[in-house]
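Below is one structure; the comments refer to it alone.
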Number of protein chains: 2
Amino acid sequence: MNSAVHVDDVTWTDPTCPVARTLDLVGDRWSLLIIRDAMDNARSFTDFQQRTGVARNILTDRLRRLVDHGILKRETAISGRRQVYVLTDAGRDLFTVIVALRQWGERHAFADDEAHSALVDEGGNPLARLRPTDAHGHQVDVDSTEVIRNS
Amino acid sequence: MNSAVHVDDVTWTDPTCPVARTLDLVGDRWSLLIIRDAMDNARSFTDFQQRTGVARNILTDRLRRLVDHGILKRETAISGRRQVYVLTDAGRDLFTVIVALRQWGERHAFADDEAHSALVDEGGNPLARLRPTDAHGHQVDVDSTEVIRNS
DNA sequence: CCCGATGAGTTGCATATTGAAACCATTCTG
DNA sequence: CAGAATGGTTTCAATATGCAACTCATCGGG
């Protein structure tokens with residue numbers, strides 16, 4: 001299960017914590033929105049620019065970083081200068097993170113009567129709520145878990 | 001299921017997208033690390049400062065924002081000037097997000113032989129891998145789902 | 001009661017990151 | 001071939017961040 005992510009030349013905020021490392025790679029204002037859009041069929045520079053509204057120079061930088069970190073790969077269309085950015089396996093694996101952020105937002109960042117976009121399966125139904133569980137499938141939460149350092 | 005989050009006075013990057021709203025609330029360089037530490041028994045200003053290493057003025061600002069958004073609550077300890085920051089229910093509910101970030105980091109941001117901290121249940125065993133599923137418990141991913149706007 | 005230490009910030013200033021707008025070189029499109 | 005679109009880069013102003021020093025309590029000893 002090792003990564004396509006190239007993690008040389010990164011200076012980690014907290015080298016032993018996986019949460020911190022993930023945030024060092026994608027935890028800025030725009031990267032996760034770019035990834036969200038990549039998961040929703042955005043491919044070109046302009047797709048991302050229009051959907052996120054990010055400044056173009058910043059977008060250039062973020063796309064480059066995400067490519068460098070192995071989350072996106074850049075492909076030049078056969079003839080011509082059209083660039084396409086596609087999620088790598090590591091990038092696609094961020095789906096769980098995006099779903100978790102989305103579900104939290106649905107629960108806590110909208111008033112009851114406010115409309116919002118929804119993520120649905122092939123039958124058009126919403127996904128089940130993500131819930132952390134132990135190895136036996138029993139739900140766990142903050143109080144029933146703990147962090148062990150440097151295992 | 002409505003929020004303790006106070007979402008007035010926030011100007012959303014993308015008002016209809018729950019992912020974007022969540023990121024507007026916690027998607028900066030430090031907030032999620034503060035929340036991670038709050039889940040790991042950090043309580044005081046100095047706890048957070050020492051664990052994250054964030055600049056003190058920034059920490060002041062982030063704690064205030066998180067309190068304003070209903071993710072932390074601030075309590076003054078009975079005797080003395082000691083301040084304590086505790087997760088609200090909405091804050092505790094970010095556990096899923098933190099676990100998702102952690103598990104992704106474990107899979108993609110560490111070399112195979114690198115040590116990292118681990119999150120374990122009461123028996124000391126690692127949690128099960130979080131996986132998005134549909135309403136019937138079948139796994140779904142980027143390709144088998146889609147976003148419906150403004151539902 | 002006085003002294004130093006600690007907790008919880010604030011303030012000022014230097015540096016880094018972002019954003020808005022303009023500019024540029026190809027490459028399609030009609 | 002002219003005009004738009006694509007995928008950027010450049011410039012400069014506005015923000016945000018980091019660092020160090022400074023406050024202003026209170027706490028704990030002696």
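Letters A, B, ... are given to chains in the order of the sequence lines, protein chains preceding strands, and every chain is numbered from 1. Every heavy atom of this structure was used, including side-chain atoms; hydrogens, water molecules and symmetry mates were not.
Taking atom CG on A/Leu59 and atom C1' on C/dA20, their separation rounds to 15 Å, with Å as the unit. With rounding to whole Å, B/Arg65 atom CZ is found 9 Å from D/dT17 atom P. If you take CD of A/Gln49 and P of D/dA5, they are 14 Å apart, rounded to a whole angstrom. Atoms CD1 (A/Ile58) and C1' (D/dT15) sit 12 Å apart, rounded to a whole Å. Atom CG of B/Asp61 and atom C1' of C/dT10 are 13 Å apart (whole Å). Separating the CD atom of A/Gln83 from the P atom of C/dC28 is a distance of 11 Å, rounded to the nearest angstrom. To the nearest angstrom, P of C/dG7 lies 16 Å from CZ of B/Arg74. For the pair B/Asp47 CG and C/dG9 P, the interatomic distance rounds to 12 Å; values are reported in whole Å.
In this model, a donor atom of one side chain and an acceptor atom of the other lie less than 3.5 Å apart for B/Asp24 and B/Thr13. At a cut-off of 3.5 Å, with distance as the only test, no side-chain donor of A/Asn57 or A/Thr60 sits close to an acceptor on the other residue. No side-chain N or O of B/Glu122 forms a donor-acceptor pair with one of A/Ser144 less than 3.5 Å apart.
Between A/Arg62 and B/Gln50, the residue whose closest nucleotide on DNA chain C is further toward the 5' end is B/Gln50. Residue B/Thr46 is the one, among B/Asn57 and B/Thr46, whose nearest nucleotide of DNA chain C lies closer to the 5' end (criterion: closest heavy atom).
Ring geometry, B/Phe48 versus B/Tyr85: the interplanar angle exceeds 60°, so the pair is classed perpendicular (tilted spans 30 to 60°).
No N or O donor and acceptor, one from the side chain of B/Arg82 and one from the base of C/dG7, sit under 3.5 Å apart. Interface remark: the B/Arg56 side chain does form a donor-acceptor pair with the C/dA8 base, using a distance-only criterion of under 3.5 Å.
Closest to the B/Ser44 side chain, of the nucleotides C/dA8, D/dG18, C/dG19, is C/dA8.
Here A/Trp30 reaches the OP1 or OP2 of C/dG19: one of its side-chain N or O atoms lies under 4.0 Å away.
By the 4.0 Å N-to-carboxylate-O rule, A/Glu114 lies close enough to B/Arg21 to be salt-bridged with it.
Residue B/Tyr85 is classed as a sugar-phosphate contact, given heavy-atom separations below 4.0 Å to backbone atoms only.
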